[in-house]
Amino acid sequence: MGKPLVIVESPTKAKTITKYLGGKYVVKASKGHVRDLPPKELGIDIESDFTPTYKTIRGQAKVLAELRKAAKEADAVYLAPDLDREGEAIAWHIAKALRLPNKKLFRVTFNEITKKAILKAFENPGKISMNKVNAQQARRILDRIVGYQLSPLLWEKFWRGLSAGRVQSVAVRMVAEREKEIQGFKPEEYWEVKAKALPDKHRDTPFIVDLKKIDKEDPKISSQAEAEKTVKDIGKQNFTITLVDKKDKQDNPSPPFTTSTLQQQASTRFRFHPKQTMMLAQQLYEGVDIGEEGPVGLITYMRTDSVNVAGEAIEEVRGHINKVFGEKYLPEAPHTYKSKKGAQEAHEAIRPTQVGYMPEKVEQFLTPHQHKLYTLIWERFVASQMHPAVYAVTTVEITGGRFLLRATGRITKFDGYTKLTGTKGKKEDQTLPDVAEGDGVSLDEISPEQHFTQPPPRYNEASLVRALEREGIGRPSTYAHILSTIIQRGYVEDRERKLHASDLGIAVTEKLVKHFPKLMNLEFTSKLEDSLDSIEEGEGDWVGLLREFYEPFSSELEHAKKEMTNINKDPEQSEEVCPKCNSPMVYKLNKRGRFLGCSKYPKCKTAMSLNGSRTEPEPTDHKCPNCGEPMVIRTGKHGRFLACTGYPKCKTTLSINEDGEIEKPGEGEEKCEKCGSPMVVKAGRRGKFLACSAYPDCKNTRPIGGKTGEDEEAPTCDKCGSQMVVKASRRGRFWACSAYPNCKNTKPIAGKKAKEPPKETGEMCEKCGKPLVYRVGRGGARFIGCSGYPKCRNTRTLEKEEKEKEPETDEVCENCGKKMVIKSGPRGKFLACSGYPACKTTKSMKKASPSRKKPAKKAGKEKKK
């Protein structure tokens, strides 16, 4: 039999683990999930105890074939996906797909990808936990049932393409209800009074005081007149210091990160989306190449709701604090933190695998975003075991007649953990003079300030994650997916980092709350998550949970199919009247939002925005330059424009300015260099441009600002002699022949680096006779292709001797000893072993110098030394 086989999810993780296991094991990656429910059908036999049908995921058949071959040759197979439910399910699916006997299969889990953790896991392998698998199966089946049975209902009542989800719809409800609170909020005016206090004994040290009490009650000043009267009354009083309260206050450090708190802080500090945060954390967990040490897992597992920390990690960080910051920053006993109720206590908080990998030490090996996130995790963990900061807090109250005013000041006595993390003083913090009770004080610059009560703030990504966690909606592994889904579906819009419920999101939420009150209930969703946790702990029956959920859900679904009204066929009446036919206007909804439409549609097509402005075509005096028909003003996603009334026979459109006048190309009327017709201004997703008015017969376009839009004079095509014009693509602007498509010649704009032509191989194409050239594919793999592309698409793979022509370096592969060669990939050039595919070792160019040979191993006595 061959070496034991280890299967993980990702190639990066496989590379890191290989380094620790050495050559005793073969490590391969499944590249994520290998089986799932079928994509175009329910895939669940509800009548047979919700039996799922799993199929190989498209594109994974080749991976499974490779794994089966390797497993057949191995004497043991170790399944090592992540330690959460999803990882357990991946391991179970791999085991089922490989069809191996249980005695040959082992399950290994680890919280961090370090040598010690990996070797310990392989010393104590276990078996797949079916409790975890069943909990994940139950979640997957619940979500599939809701998604596949509720989404078609929304297609019928709204339009196709919408989706509903067991958790996502509840998250949309939270945002939609906050939106309604904001829309229905009525601000109330109130006034505050501030003054500058001048102590009799310290006239040179004034401080700011706020009015806190009037007749021992909280002040309620609701108008300017009341505020001015209060200011006048305060000015008549003699004030005395009646309270000086001095005490020390500790500011304790925060616990290490959980998934939720990491996403919140990364969003607040760096504006990272939760999905981006989790992607970066995954990279840091699976391993980053840090030079001579090779790939190293820098943080522990990043999907966790626990703040527990392993004892050895506590010892390590306390030693670091003592060494770097000194004894006074190290508390006598380690700080302990309590996880929230229901947290997975067996898991750890997110922390660096080794405190010795300080952010500044590994910065050169990380991307800027990776470094930011790693620094955040490292500092939070180290600070969590440092001494609290201590502040001297002083409160001074002054009293005069009916009025009591107060000031609070704070002075740092010991910086504690803030020596590492830094601190931001509060605006109200101020240094107060050394005053005593009974001292006299006078007031100066007594001023009223007007304020208005504010509605509850809109959610941002950080606060919505915090709210989901507080309500028990979802779990650490699902927060990022929930947010990306509700934004992607158009139910929630992210505007300037604030989450706004769209008209569609509000309308869908109202329908679902009315017809599915249990499904949309926050408490019910939270209890369902608790039930899934119970199944994982072996205390619940997953089939029983599904049955308990499905019976009332199916009943509500049948009722909703009959009773739920169509958003546009049975619209809500408004108080507006159609200006054209005097019929009632009704509220309608399309993909751009709510609007008012005539109830006599399609006989009357009048439509207005909710503020009363008409969205129906506005007649103008302009005539179509192509067919002579009248033109009207319409509104599209790029704003207002002129459109021919002869549509769809004539599709002419023209850009207009704010006054409704046709926008001119510039000085003088420009002509199309292809057909001589006038050029007109149009708007597209890249902004405004010039287009031929003879469209669609002539589709010529060019940028605004002369014939080229560039400083250099437009060249002529060196192939056909036609004038060249500037075109734009996702790679930037370039010169293109105006005779396109008859001539497809292009060239770079001056100042921009020209793309080097492909190198010829010296052979001719056997299909068309043109020279063959070396090309590079999207994945970085080199191949041979015909220079006559795209007319001739002949290609072939590189032969062995041609592969050896790749530039060699003096670097030697650390695994097999062969020469390293320079290759190109989507992220640039890198070093790869010339023994590929037998050896797949690669190295970053910046971490390996091609000019130095790897030192040879010394034999004999020197080797023993």
Side-chain angles (χ1 to χ4, degrees), residues 1-31 66-67 69-83 87 91 94 100 104-126 283-301 312 353-354 356-357 362 365 811-820 830-844 847-848 853-860 862-865:
M1 297 294 284
K3 298 177 182 178
L5 171 67
V6 181
I7 302 176
V8 296
E9 309 102 303
S10 76
T12 303
K13 190 174 177 181
K15 187 177 179 181
T16 309
I17 291 176
T18 299
K19 185 183 83 166
Y20 297 129
L21 293 178
K24 297 179 181 179
Y25 296 81
V26 175
V27 185
K28 291 187 175 292
S30 69
K31 299 179 181 178
E66 185 180 344
L67 292 178
K69 182 180 178 182
K72 189 176 181 181
E73 298 170 355
D75 57 0
V77 177
Y78 293 88
L79 304 172
D82 292 340
L83 66 160
I94 292 172
L100 294 174
K104 193 176 179 178
L105 285 170
F106 300 94
R107 175 79 167 112
V108 289
T109 58
F110 31 82
N111 186 58
E112 59 187 57
I113 304 179
T114 59
K115 185 173 183 178
K116 185 176 180 180
I118 298 298
L119 296 180
K120 184 178 179 181
F122 277 83
E123 287 172 4
N124 303 282
Q283 293 166 358
L284 295 173
Y285 166 71
E286 292 185 344
V288 178
D289 196 330
I290 58 171
E292 293 181 359
E293 289 189 56
V296 171
L298 291 176
I299 65 170
T300 55
Y301 191 55
E312 58 189 29
T353 54
Q354 292 184 40
Y357 291 129
V362 298
F365 306 109
E811 284 284 335
V812 178
C813 176
E814 58 189 21
N815 286 334
C816 69
K818 292 188 177 180
K819 290 269 188 174
M820 302 289 280
F830 63 96
L831 294 179
C833 180
S834 58
Y836 180 87
C839 178
K840 299 181 180 179
T841 302
T842 61
K843 258 187 180 181
S844 171
K847 299 159 195 167
K853 289 186 178 182
K854 185 177 179 181
K857 291 184 179 179
K858 294 183 180 181
E862 289 185 6
K863 184 178 179 180
K864 290 180 181 179
K865 289 181 182 178

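Basis for what follows: all heavy atoms, side chains included, without hydrogens, waters or symmetry-related copies.
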Exercise for the section: For the residue pair Glu73 and Leu5, establish whether any side-chain heavy-atom pair is separated by less than 4.5 Å. Expected result: no
Exercise for the section: Check the pair Ile113, Tyr285 against side chain to side chain contact (heavy atoms under 4.5 Å, CB included), reporting the backbone distance first and the verdict last. Expected result: CA-CA 7 Å; Ile113 304 179; Tyr285 166 71; 3.9 Å; yes
Exercise for the section: Heavy atoms only: give me the nearest Thr353-Gly297 pair and the separation to one decimal. Expected result: OG1-O, 2.7 Å
Practice task
Could I get the full list of salt bridge (Lys or Arg N to Asp or Glu O under 4.0 Å) partners for Glu293, not counting sequence neighbours?
Solution key: none
Completion exercise
Here the gap from Lys3 atom NZ to Asp75 atom CG, rounded to the nearest 0.5 Å, amounts to 11.5 Å
Exercise for the section: Show your working on side chain to side chain contact (heavy atoms under 4.5 Å, CB included) between Leu298 and Gln283 and close with a plain yes or no. Expected result: CA-CA 9 Å; Leu298 291 176; Gln283 293 166 358; over 6 Å; no
Exercise for the section: Evaluate the side-chain proximity of Thr12 to Pro295: yes if any heavy-atom separation is below 4.5 Å, no if none is. Expected result: no
Completion exercise
Between Pro11 and Ala29, the two heavy atoms sitting closest are N-CB, 3.5 Å
Exercise for the section: Give the intermediate values and the outcome of side chain to side chain contact (heavy atoms under 4.5 Å, CB included) for residues Val362 and Val288. Expected result: CA-CA 10 Å; Val362 298; Val288 178; over 6 Å; no
Problem - Residue pair Pro81 / Glu9: nearest heavy atoms and the distance that separates them - result: CA-OE1, 3.2 Å
Kindly list each side-chain donor-acceptor pair under 3.5 angstrom involving residues 20-27, sequence neighbours excluded, with atom names and distances?
none

Completion exercise
CG of Leu67 to CD1 of Ile7, rounded to nearest 0.5 Å, is 4.5 Å
Completion exercise
The salt bridge (Lys or Arg N to Asp or Glu O under 4.0 Å) partners of Lys28 (sequence neighbours excluded) come to Glu66
Practice task
Indicate yes or no: at least one non-hydrogen side-chain atom of Ile17 is less than 4.5 angstrom from one of Phe110.
Solution key: yes
Problem - Side chain to side chain, Phe365 and Asp289, heavy atoms closer than 4.5 Å - result: no
Handout entry: Nearest heavy-atom neighbours spanning Thr16 and Gly287
Key = OG1-CA, 3.5 Å
Exercise for the section: Output the distance between atom CG (Leu100) and atom NZ (Lys72), rounded to the nearest 0.5 Å. Expected result: 11.0 Å
Practice task
Would you please test Cys833 and Met820 for side chain to side chain contact (heavy atoms under 4.5 Å, CB included) and show each step?
Solution key: CA-CA 5 Å; Cys833 180; Met820 302 289 280; 4.2 Å; yes
Fill in the blank from the handout: Smallest heavy-atom separation, Lys13 atom then Asp82 atom, equals NZ-OD1, 2.8 Å
Fill in the blank from the handout: Smallest heavy-atom separation, Pro125 atom then Tyr78 atom, equals CB-CE2, 4.0 Å
Exercise for the section: For the pair Arg107 (side chain) and Gly126 (backbone), establish whether a donor and an acceptor sit closer than 3.5 Å, ignoring hydrogens and angles. Expected result: no
Handout entry: Ser10 and Glu286: side chain donor to acceptor below 3.5 Å
Key = yes
